[in-house]
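This report concerns only the one structure given below.
FYI, side chains are in, hydrogens and waters are out, and symmetry mates aren't considered; it's all heavy atoms of this structure. Letters A, B, ... mirror the listed sequences (proteins, then strands); counts begin at 1.
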Amino acid sequence: MKLIEKAYYLNPDVVGIAKSLLGKIILSSIDNQRTSGVIIETEAYKAPEDRASHAFNNRCTERNKTMFMEGGHAYVYICYGIHHLFNVVTAIEGIPHAVLIRAIEPLEGLESMLHRRTMNQIKNTITKGPGSLSRALGIRQDLDAVKLYDPKSPIQIFDGGTIFSDSQIGTSKRIGVESSGESAALPYRFYVKSNRFVSGTPWR
DNA sequence: AAGAGGATGAACT
DNA sequence: GTTCATCCTCTTG
């Protein structure tokens with residue numbers, strides 16, 4: 001299990017990174033609780049040309065300025081006033097690429113996750129969906145812009161050696177971006193087939 | 001200054 | 001399948 005270094009995140013191919021993040025491990029050390037899980041669903045957001053991205057057309061605001069930072073930072077924002085969505089910023093500074101983490105399979109810290117989710121037993125909904133996994137891991141919007149490759153960070157991503165073959169990986173259009181014109185159909189969502197923590201409805 | 005709406009999830013019918 | 005909680009950000013006047 002090896003902490004992923006900064007260079008990994010600087011790759012200009014954000015769609016490739018989204019796919020290669022499947023099988024990697026997110027570790028959070030927040031509020032003195034250690035929780036982790038295997039990434040099993042992601043989506044790429046490739047601004048400036050991607051209408052579904054907050055940074056479409058290079059729009060840079062107070063909320064999304066983290067997307068323009070160098071790859072390897074976390075972009076966390078609040079959606080629908082309730083959910084904290086966790087993204088991995090990629091590419092060099094100035095290129096607003098990001099990967100939304102949509103689901104993980106729980107690994108460590110099950111008790112902490114249950115408590116944060118106010119659940120008393122593990123169900124597949126505990127880390128299914130971007131809002132749910134962030135809640136289970138304790139990721140909040142105040143952790144926006146933390147580095148993911150720094151050993152001292154509250155959120156880190158590791159390579160645990162898991163490799164999924166193409167036949168184990170599903171691809172589809174992204175979820176919840178129907179109003180994004182021609183970008184809505186882009187095959188930028190990747191998930192591990194027949195994993196019970198995968199969210200949403202697959203395409204076709 | 002005000003209003004619309006969102007990369008969702010949970011609880012319904 | 002439908003409804004709604006909940007609030008911040010961005011757009012418009």
Exercise. So, is A:R189 near the phosphate of B:dA7, with a side-chain N or O under 4.0 Å from OP1 or OP2?
Worked result: no
For this session: With the side chain of A:I82 defined as its heavy atoms from C-beta on, choose the nearest nucleotide among B:dG9, C:dA5, B:dA7.
Result: C:dA5
Exercise. Roughly how many Å is it from NE2 in A:H84 to P in B:dG6, rounded to a whole number?
Worked result: 19 Å
For this session: Would you classify A:M67 as touching base, sugar-phosphate or nothing, given that sugar-phosphate means primed atoms plus P, OP1 and OP2, and contacts are heavy atoms under 4.0 Å?
Result: base
Problem set entry | A:I126 CD1 to B:dG9 P, straight-line distance once rounded to whole Å | 14 Å
Seminar exercise, completed: Any strand, both distances under 3.5 Å, Watson-Crick or G-U wobble: C:dA5 pairs with B:dT8
Exercise. Which nucleotide, C:dC10, B:dA7, B:dG9, lies nearest any side-chain atom of A:S132?
Worked result: B:dG9
Exercise. Looking just at side-chain N and O atoms, do A:R51 and A:S179 make a donor-acceptor pair shorter than 3.5 Å?
Worked result: no
Exercise. Pick one: which of A:E41, A:R189, A:K128 meets side chain to side chain donor-acceptor pair (under 3.5 Å) with A:S199?
Worked result: A:E41
Indicate every side-chain donor-acceptor pair of residues 154-162 of chain A with a distance under 3.5 Å to a residue at least two apart or in another chain.
unit_1, atom_1, unit_2, atom_2, d
A:Q156, NE2, A:P151, O, 2.9
A:Q156, NE2, A:S153, O, 2.9
A:D159, OD1, A:G161, N, 2.8

For this session: Look at all strands and tell whether A:I78 reaches a base, only sugar-phosphate, or nothing, counting heavy atoms closer than 4.0 Å.
Result: nothing
For this session: Tell me which nucleotide among B:dA7, B:dA10, B:dT8 gets nearest to the side chain of A:Y80.
Result: B:dT8
Exercise. Rounded to whole angstrom units, what separation is found between the OH atom of A:Y75 and the C1' atom of B:dA7?
Worked result: 9 Å
Exercise. So what's C:dT12 paired with, Watson-Crick or G-U wobble, going by both distances under 3.5 Å?
Worked result: B:dA1
Exercise. Can a donor-acceptor pair under 3.5 Å be found between the side-chain atoms of A:H83 and the base atoms of B:dA7?
Worked result: no
Problem set entry | Whole-Å gap separating C1' (B:dT8) and CZ (A:R174) | 16 Å
Exercise. Is A:R59 touching bases, backbone alone, or none of the nucleic acid, heavy atoms closer than 4.0 Å?
Worked result: sugar-phosphate
Problem set entry | Check ion pair A:R140-A:D31 (N to O, under 4.0 angstrom) | yes
Exercise. Heavy atoms under 4.0 Å, any strand shown: does A:R63 hit a base, just sugar-phosphate, or nothing?
Worked result: sugar-phosphate
For this session: Return the value, rounded to whole Å, for the distance between atom NE2 of A:H54 and atom P of C:dC8.
Result: 16 Å
Exercise. Do side-chain atoms of A:N57 reach the backbone of A:R59 as a donor and acceptor pair under 3.5 angstrom?
Worked result: no
For this session: May I have the distance from A:N64 (atom CG) to B:dA7 (atom P), rounded to whole angstrom?
Result: 12 Å
Seminar exercise, completed: Rounded to whole Å, the CG-C1' distance (A:L85 to C:dC8) equals 14 Å
For this session: For A:K65 and C:dC10, give me the distance from atom NZ to atom P, rounded to whole Å.
Result: 11 Å
For this session: Remember a base hit wins even if backbone is also touched, and classify A:R117 as base, sugar-phosphate or nothing at under 4.0 Å, heavy atoms.
Result: sugar-phosphate
